[in-house]
Amino acid sequence: MEYTAITDQEFGKYQQLLHRIAGINLSSAKKPLLVGRLRKRLNHGNFKSFDEYYQFLTSDSGQDELRMAVELLTTNETYFFREPRHFDFLAQHILPERRHGGAFRVWSAACSSGEEPYSIAMVLADKLGEQPWEIVASDLSTRMLERARTGHYALVRTEKIPSAYFTSYCLNGTGAQEGTFLVQRKLGDRIRFVQINLNKNLPRLGEFDVIFLRNVMIYFDMETKRQVISRLLPHLGSKGYLLVSHSESLNGVTDTLKVITPSIYQKP
């Protein structure tokens, strides 16, 4: 049986569930997305309705399935060098002005399937050479993190990667791997992938020179945004930069950070 409809009452339950777990506001316009992403799970478990599936998700025996459902609903499309001006700013402004002699640290706080942290890594490897640097890449989805750790992607995803970076840091697949490429291990070894829910207390991560928090705040209501930023700020070093998506803003969220340019903020 194929499930193509969900009642407003059922959808409301999923909205509340997703907000409670991930802090995400699922608007009514996202109803087709929810149906599309969860339909296979209903069919797989032989659930007769979205309400029956919800009852299972919120039961003690449905916790593994709940994690699967949340991951399906919170996974967003990404690609290499998305919003390239941020990477230009990193290369041309942030890195040249660094003053401390320790490892340059970046946190990709919503890394999805890994394209963002690997893009950052290519810039750092190019500009810092043998100087110490490291990246923490986190996401709510363990499934996306597993994909990210492989550093293995379809060749069609190279479109936005500068050709010099692809030549220096990526390997074309051959034989059975033709049509794919692999980000070189020397970059992957500098990235620590870790599962983190930004809507819960954060683990001890240390301080970062730059935090990328892109294409996630748009899904939060104002209070959730404030809470997330308040958790992140202690991890941003003095003079450190916080980057959000060009479609996002911290206006009304915090007055701690200075606006450098739209979507780029600096800690005093």
Side-chain angles (χ1 to χ4, degrees), residues 1-78 107-117 136-150 152-153 192-205 213-232:
M1 179 177 179
E2 290 292 329
Y3 298 89
T4 57
I6 184 172
T7 68
D8 290 341
Q9 184 178 17
E10 289 169 339
F11 183 69
K13 291 181 179 180
Y14 284 93
Q15 286 177 305
Q16 294 173 15
L17 182 65
L18 193 59
H19 186 272
R20 185 172 72 249
I21 294 174
I24 290 178
N25 273 347
L26 202 64
S27 71
S28 57
K30 298 292 186 181
K31 193 183 294 184
L33 179 144
L34 182 143
V35 171
R37 292 193 177 184
L38 295 187
R39 182 188 295 123
K40 289 183 179 179
R41 301 309 304 168
L42 268 73
N43 289 329
H44 177 77
N46 293 316
F47 295 100
K48 296 182 176 65
S49 68
F50 276 97
D51 187 62
E52 185 179 332
Y53 184 57
Y54 174 85
Q55 297 304 324
F56 178 69
L57 293 180
T58 53
S59 69
D60 290 341
S61 57
Q63 294 310 294
D64 288 341
E65 182 66 25
L66 175 61
R67 282 190 286 273
M68 171 71 75
V70 170
E71 289 187 2
L72 288 172
L73 293 175
T74 56
T75 299
N76 297 305
E77 177 67 16
T78 186
W107 181 10
S108 171
C111 74
S112 190
S113 47
E115 286 88 337
E116 179 177 273
V136 172
S138 69
D139 200 84
L140 177 65
S141 170
T142 55
R143 184 170 57 94
M144 286 293 102
L145 290 169
E146 288 172 5
R147 283 184 55 189
R149 287 187 184 99
T150 68
H152 190 209
Y153 301 92
R192 178 162 66 98
F193 291 98
V194 56
Q195 195 272 341
I196 292 177
N197 185 342
L198 297 175
N199 285 280
K200 294 185 177 180
N201 291 332
L202 301 176
R204 293 183 178 180
L205 298 170
L213 182 67
R214 307 192 306 167
N215 300 294
V216 62
M217 296 282 280
I218 194 172
Y219 299 106
F220 298 155
D221 60 28
M222 183 59 74
E223 181 55 31
T224 303
K225 290 178 182 179
R226 290 175 181 143
Q227 292 176 7
V228 168
I229 292 299
S230 70
R231 293 187 191 99
L232 262 66

**Asked** If you look at every heavy atom in Asp51 and Lys13, which pair is closest and at what distance?
**Response** OD1-NZ, 2.8 Å
**Prompt:** Any side-chain heavy-atom pair from Thr142 and Arg67 closer than 4.5 angstrom?
**Reply:** no
**Approximate separation, where rounding is to 0.5 Å, of Lys31 NZ and Ser27 OG** = 10.5 Å
**Point-to-point distance, once rounded to the nearest 0.5 Å, from OG of Ser138 to CE of Met144** = 14.5 Å
**Prompt:** What do you reckon, is NZ of Lys225 surrounded by more than 12 foreign heavy atoms closer than 6.0 Å?
**Reply:** yes
**Request:** Please name the pair of heavy atoms, one in Gln227 and one in Ser230, separated by the smallest distance, quoted to 0.1 Å.
**Result:** O-OG, 2.7 Å
**Prompt:** Does the pair His19 and Asp221 meet the rule for a side-chain contact (heavy atoms from CB on, under 4.5 Å), with working shown?
**Reply:** CA-CA 9 Å; His19 186 272; Asp221 60 28; 3.0 Å; yes
**Prompt:** Heavy-atom distance under 4.5 Å between the side chains of Glu65 and Leu57, does that happen here?
**Reply:** yes
**Prompt:** Does the side-chain contact (heavy atoms from CB on, under 4.5 Å) test come out yes or no for Leu18 and Val70, once each step is laid out?
**Reply:** CA-CA 7 Å; Leu18 193 59; Val70 170; 4.3 Å; yes
**Prompt:** Atom CG in Asn197, atom OG in Ser141: separation rounded to 0.5 Å?
**Reply:** 11.5 Å
**Item:** Atom pair OG/CG of Ser28 and Leu34 - distance to nearest 0.5 Å
**Value:** 12.0 Å
**Minimum-distance pair of heavy atoms, taken over all atoms of Pro117 and Phe193** = CG-CE2, 4.1 Å
**Complete:** Nearest heavy-atom contact between Gly23 and Phe220 is O-CD2, 3.0 Å
**Asked** Are the side chains of Met217 and Leu198 in touch, meaning some heavy atoms are under 4.5 Å apart?
**Response** no
**Asked** Is the closest side-chain heavy-atom distance between Asp139 and Ser108 below 4.5 Å?
**Response** no
**Item:** Flag side-chain contact, heavy atom, 4.5 Å: Leu140 against Asn199
**Value:** no
**Prompt:** So, does Tyr14 use its side chain to make a donor-acceptor pair with the main chain of Phe50 at under 3.5 Å?
**Reply:** yes
**Item:** Which atom of Ala137 lies closest to which atom of Leu145, heavy atoms considered
**Value:** O-CD2, 4.1 Å
**Request:** With rounding to the nearest 0.5 Å, note down the distance linking CZ in Arg214 to OG in Ser112.
**Result:** 11.5 Å
**Request:** Please tell me if the side chains of Glu52 and Leu42 come closer than 4.5 Å, counting only heavy atoms from C-beta onward.
**Result:** no
**Request:** Tell me, with the steps shown, if Ile229 and Leu213 meet side-chain contact (heavy atoms from CB on, under 4.5 Å).
**Result:** CA-CA 10 Å; Ile229 292 299; Leu213 182 67; 3.8 Å; yes
**Message:** Contact between Leu205 and Ile196 at the side-chain level, heavy atoms closer than 4.5 Å - yes or no?
**Reply:** yes
**Asked** Got a sec: does the CZ of Arg147 have more than 12 other heavy atoms crowding it under 6.0 Å?
**Response** no
**Message:** Looking only at the side chains, is there a donor atom on one of Tyr53 and Glu10 sitting less than 3.5 Å from an acceptor on the other?
**Reply:** no
**Request:** Report, as yes or no, whether the 6.0 Å neighbourhood of atom CD on Gln9 holds more than 12 heavy atoms from other residues, nucleotides or ligands.
**Result:** no
**Request:** Using a 4.5 Å cut-off on heavy atoms from C-beta on, say whether the side chain of Asn25 contacts that of Thr224.
**Result:** no
**Request:** Kindly compute the distance separating CZ (Arg192) from CZ (Arg149), expressed to the nearest 0.5 Å.
**Result:** 10.5 Å
**Prompt:** For Cys111 and Thr78, what are the C-alpha separation, side-chain angles and deciding distance, and is it a side-chain contact (heavy atoms from CB on, under 4.5 Å)?
**Reply:** CA-CA 9 Å; Cys111 74; Thr78 186; over 6 Å; no
